[in-house]
Number of protein chains: 2
Amino acid sequence: MRLTTKGRYAVTAMLDLAFHSQHAPVTLTDIATRQTISLSYLEQLFSRLRRADMVIGVRGPGGGYQLSKPVADINIADIIRAVDEQIDSTKCGGEANCQNHKACLTHDLWTGLSDQIHEYLSGISLGDLLARKPIQDVASRQDHDVQQMIEFRRDVIVRM
Amino acid sequence: MRLTTKGRYAVTAMLDLAFHSQHAPVTLTDIATRQTISLSYLEQLFSRLRRADMVIGVRGPGGGYQLSKPVADINIADIIRAVDEQIDSTKCGGEANCQNHKACLTHDLWTGLSDQIHEYLSGISLGDLLARKPIQDVASRQDHDVQQMIEFRRDVIVRM
DNA sequence: ACTTAACCTAGTAAATCAGTCAACTATAAA
DNA sequence: TTTATAGTTGACTGATTTACTAGGTTAAGT
């Protein structure tokens, strides 16, 4: 279990997707605009999320991404694990013989805590996050603030 | 709140220190041997831990490191925060003006979760970890396995 | 056909990780 | 009072990861 800005981007994007894809697919361009994340970087993250069966890509006009499961069935640990390289078992890759001939001692110490963190994050679903008032407020504010920007951009492009 | 192998090293080392420094200071050399962590890397980590007032360095022969507080008063979040660069508020460093003129929206989404993780890790003390049976077992096994190695190394050096 | 938007590949500057090397200072034991 | 111990500091390095850019191809709708 690793916790970096990469995972934060993924969780934020998934939260944005969950909030906006109730009726129709959401384009990465929209998410990138709302959350100020690089579009190409988002593409990379969603490539992993798609391969992990967390989202479904819909091609063509009117397309975008949708969640593949109900928000209650997608937890934070899964999202982070999907985009982060899985933390290799360091040194003793499963062999458990890095110190003398005994089982890999160093990592056993950390394992308990690491498992707990994972278990904790597994217990929080996208649905749980969505249900929180502060997040709803922020999302609504983003919609309001960014909607004009998105429409303006589309108008400009249409006119070109 | 970031979670990498760097933090894992720090927690593991602090756990080792807590387990062995009841009576006398523990040298980084011993910790490095037991936990198979680079000595010089440990020195860097403990330099930060010392500046964060989590450990006390005792110089000279018989010296080493000791915890500065009871194990119940040292929590995991503090350890990780001491060695990791604090995650900067990305883009809008406290200014809260990264999107339009409004408050920094993107990061607000993550803040709630990040705070929760921090709160969760704050609730686990070194004492809590020490009290766990599996960790005691592993630590005991390490003592048994590594003690000969340490003594052997000292004998060799004395003879040189 | 043309547009849309997902999908894919390769590359890159910057940051971080994990570690080395080499010096220095304070302290306790000889 | 040497001398060995052990902490302290800083500079430096290769490898990896991050975050991002550029440029394509493919599938689907109008």
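Letters A, B, ... are given to chains in the order of the sequence lines, protein chains preceding strands, and every chain is numbered from 1.
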OP1, OP2 of C:dT4 versus side-chain N and O of A:Thr27: anything below 4.0 Å?
no
Atom OH of A:Tyr41 to atom C1' of C:dT9: distance rounded to whole Å?
17 Å
Tell me the interatomic distance from B:Leu42, atom CG, to C:dT20, atom C1', rounded to whole angstroms.
14 Å
Under 4.0 Å between a side-chain N or O of A:Tyr65 and OP1 or OP2 of C:dC7?
yes
Figure out the CD1/P separation between A:Ile37 and D:dC20, and round it to whole Å.
8 Å
Any donor-acceptor pair, under 3.5 Å, between the side chain of B:Arg59 and the base of D:dT5, if you only look at N and O atoms?
no
If you define the side chain from C-beta out and look only at heavy atoms, does anything of A:Leu28 sit under 4.5 Å from A:Tyr65?
yes
Can you tell me if A:Asp30 and A:Thr33 form a side-chain donor-acceptor pair at under 3.5 Å?
no
Using side chain to side chain donor-acceptor pair (under 3.5 Å) as the criterion, list what pairs up with A:Asp78, not counting sequence neighbours.
A:Asn75, A:Arg81
Separation of atom NZ in B:Lys6 from atom C1' in D:dT17, rounded to whole Å
14 Å
Ignoring backbone atoms, establish whether B:Arg50 has a side-chain N or O less than 4.0 Å from OP1 or OP2 of D:dT9.
yes
Does atom CD (A:Glu43) have a neighbourhood of more than 12 heavy atoms from anything else shown, all under 6.0 Å?
yes
Please state whether the base of D:dG7 and the side chain of B:Glu43 form at least one donor-acceptor pair under 3.5 Å?
no
Protein-nucleotide distance (A:Leu28, atom CG; D:dC20, atom P), rounded to Å:
14 Å
Between B:Thr4 and C:dC17, is there a contact of a side-chain N or O with OP1 or OP2 at under 4.0 Å?
yes
Report the nucleotide, chosen from D:dG29, D:dT5, D:dT21, that has the shortest atom-to-atom distance to any side-chain atom of A:Pro61.
D:dG29
Within this structure, what is the CG-to-P distance between A:Leu39 and D:dT21, rounded to whole angstrom?
9 Å
Nearest-nucleotide comparison on DNA chain D, the residue closer to the 5′ end among B:Gln44 and B:Gly63
B:Gly63
Distance test, side-chain N/O of A:Ser40 to OP1/OP2 of D:dA22, below 4.0 Å
no
Pairwise distance CE(B:Met54) to CG(B:Leu126) - rounded to 0.5 angstrom
7.5 Å
Given atom CD1 of B:Ile56 and atom P of C:dA26, what is their separation to the nearest angstrom?
19 Å
Phosphate-side-chain proximity, A:Arg2 and C:dT16, N/O vs OP1/OP2 below 4.0 Å
no
Nearest whole Å is fine: how far is C:dA5 P from A:Phe46 CZ?
15 Å
By nearest-nucleotide position on DNA chain C, the 5'-leaning member of B:Val83 and A:Arg51 is A:Arg51
